[in-house]
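This report concerns only the one structure given below.
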There are 2 protein chains.
Amino acid sequence: MATKGQRGERRAGALSKERIVEAAIEILDAEGGGALTFRALTARLETGSGAIYWHVANKDELLAAATGEIIDRAMAEAVGGAEPREAIRTIALGIFDAIDAHPWVGAQLPREPWQAAMMRIFEGIGGRLQALGVPERARFDCASALVNYILGVAGQNAANARVFAGEVDRTAYLTAIAERWAQHDPAQFPFVRQVAAQLGEHDDREQFLAGIDLILAGIAAVSRPDDK
Amino acid sequence: MATKGQRGERRAGALSKERIVEAAIEILDAEGGGALTFRALTARLETGSGAIYWHVANKDELLAAATGEIIDRAMAEAVGGAEPREAIRTIALGIFDAIDAHPWVGAQLPREPWQAAMMRIFEGIGGRLQALGVPERARFDCASALVNYILGVAGQNAANARVFAGEVDRTAYLTAIAERWAQHDPAQFPFVRQVAAQLGEHDDREQFLAGIDLILAGIAAVSRPDDK
DNA sequence: GGCCGTCTTGGAGCGGCGTTCCAGCCATGC
DNA sequence: GCATGGCTGGAACGCCGCTCCAAGACGGCC
């Protein structure tokens, strides 16, 4: 009993999965998705790769754990007994903001289907759909639509962050993109050209929310009792 | 004039970007996203890596070209002067089926934002929104919602394909997943548990289309003239 | 036909990655 | 105090993307 059970720390600065995941998140946040290597981890934790592999099976597990950690934090903040429609928007925005702050999560999230992080999101959204009065048969499809939309935006944001990494001025970059789009044959790409003009002044977060509202409106339309 | 201009083939079995992309697609289709290496390419094309790098800048460009090729084919098949709502569904299904046949595309598509492949999809969908009568201000948001949803599903399908790669029986795997989900604390994951029962009998393609219809319903609701 | 300059090729080699393996350290139970 | 086994640090392996370069192939010119 003196040692606080079997799993007491055997050494002061002992390694643990938690410490490793924490260090991985720090590296990912500071230097981007490509910078996480076991060599960088050993340097930061002042240890060897063998020690890390004792706690973590491989890089995929490490990335899954780091992703889960970020999503769990975001979902924990997004709780609240609000009205279900508002709760779904809050959860979605929470994930959006988490990915905005940790873009590498956007690239990892789609890679680990059926994992804990995805389940949390799915549960959070699906539960509110029930509260919203969506009939049981449609709930799976509706939750799937919302989650897939969120994952799509997540992936795009991660990709954008990768591109913007070297750029100081996001607006300048978007303007350059818009020009490139605008240059394309207007006859072949009329819509893209039209949208290019709006690229500069648009707000990713607002557009994300507009998409959520669009799907929610569709859900409301489909689950109205007079429907069918 | 005898040599058909500057860029005539200088050798019979000459290398070209087209041949390299074609070989890359064959490898990706046959052995999955992780199997495409320059060494595998050199073996299949019976050449050296230097020769390949003469035609292709790097692996990213090669993957972008391969992805663009698949998407271009899918978009070309999805043309047709149908009613706009139906046209959007056709385009979406075309992309879904293309990714179903070439799962690696689902992983690549979100990685290359603002590229030719994405532009094609965006243009195809955005143009039909115009025809649908969606007001100009909302068109960008609506197209973005549809495209992001498609990208989200694409990523999930790619991830699933990666998991299923070793599995012969998809249904058995899904049942195993469902069981794992069902085992989770019902108090904490009631929705997930409920959905787990439906996992076995659900059809990815139908669910994808249901999501498209959901968003289209939302677009219809938002762009009704009596709105606002 | 012979030569030359350019385009194209094949392969050796470099640095870095994820992962494995193992000799030894050290807190603990006897 | 000493054996035990959880835990550590680092060397080594095979594979990767990519660079570099000597040499081959070819069209144009005399």
Side-chain angles (χ1 to χ4, degrees), chain A residues 1-25 27-28 31-67 104 107-108 111-112 162, chain B residues 1-25 27-28 31-67 104 107-108 111-112 162:
Chain A
M1 184 92 44
T3 57
K4 199 183 169 191
Q6 270 189 329
R7 282 280 157 184
E9 296 174 17
R10 309 207 349 157
R11 215 177 290 194
L15 220 47
S16 68
K17 184 166 178 178
E18 287 73 27
R19 273 194 63 210
I20 295 173
V21 169
E22 183 194 353
I25 291 176
I27 293 175
L28 288 164
E31 308 180 45
L36 180 64
T37 67
F38 276 86
R39 281 164 176 80
L41 262 181
T42 58
R44 177 174 280 258
L45 292 170
E46 291 176 335
T47 180
S49 50
I52 295 178
Y53 275 96
W54 179 260
H55 297 276
V56 169
N58 52 40
K59 195 175 181 181
D60 278 350
E61 187 193 303
L62 178 56
L63 280 168
T67 305
W104 50 272
Q108 281 311 311
R111 293 186 58 101
E112 46 156 354
R162 217 177 303 130
Chain B
M1 187 133 343
T3 57
K4 201 187 171 188
Q6 272 189 329
R7 282 278 158 189
E9 295 175 17
R10 309 206 350 154
R11 215 178 295 193
L15 221 47
S16 69
K17 185 164 177 180
E18 289 72 28
R19 273 195 62 210
I20 295 173
V21 169
E22 183 195 354
I25 290 176
I27 293 175
L28 288 164
E31 308 180 46
L36 180 65
T37 67
F38 276 88
R39 281 164 175 80
L41 262 182
T42 59
R44 176 175 282 258
L45 293 170
E46 292 177 332
T47 179
S49 50
I52 294 179
Y53 275 97
W54 177 261
H55 297 275
V56 169
N58 52 41
K59 195 176 180 180
D60 279 350
E61 187 193 303
L62 178 56
L63 280 167
T67 306
W104 49 273
Q108 281 310 312
R111 292 187 59 102
E112 47 156 353
R162 218 176 302 130

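Given the structure is predicted, the values throughout are model-derived calculations rather than measurements. Numbers restart at 1 for each chain; the letters A, B, ... are given by sequence-line order, proteins then strands.
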*Using the test side chain to side chain donor-acceptor pair (under 3.5 Å), find all partners of A:R44 that sit at least two apart in sequence or belong to another chain.*
A:E26
*Of all pairs that satisfy salt bridge (charged side-chain N to carboxylate O under 4.0 Å, His left out), the ones with a partner from residues 45-58 of chain B, not counting sequence neighbours*: none
*Excluding sequence neighbours, so at least two apart, what forms side chain to side chain contact (heavy atoms under 4.5 Å, CB included) with B:A40?*
B:I27, B:T37
*Near DNA chain D, which residues from residues 49-59 of chain A have a heavy atom under 4.0 Å away?*
A:S49, A:G50, A:A51, A:W54, A:H55
*State, with a plain yes or no, whether a side-chain heavy atom of A:L62 is found less than 4.5 Å away from one of A:Y53.*
no
*Taking only residues two or more places apart in sequence, or in another chain, which ones meet A:E61 in a side chain to side chain donor-acceptor pair (under 3.5 Å)?*
A:K17
*Can you name the closest pair of heavy atoms from A:L36 and A:K59 and give their distance?*
O-NZ, 2.8 Å
*asked:* Do B:T67 and B:W104 make a side-chain contact, defined as non-hydrogen atoms from C-beta onward lying under 4.5 Å apart?
replied: yes
_So which atom in B:L45 and which in B:L15 form the shortest heavy-atom distance, rounded to 0.1 Å?_
CD1-CD1, 4.3 Å
*For A:K17 and D:dC7, what is the distance between atoms NZ and C1' respectively, to the nearest whole Å?*
17 Å
*Nearest whole angstrom, please: distance from the C1' of C:dC17 to the CG of A:L63.*
14 Å
*Starting at CD of B:E61 and ending at C1' of D:dC18, how long is that distance when rounded to a whole Å?*
14 Å
*Any residue of residues 31-46 of chain B with a heavy atom less than 4.0 Å from an atom of DNA chain C*: B:R39, B:E46
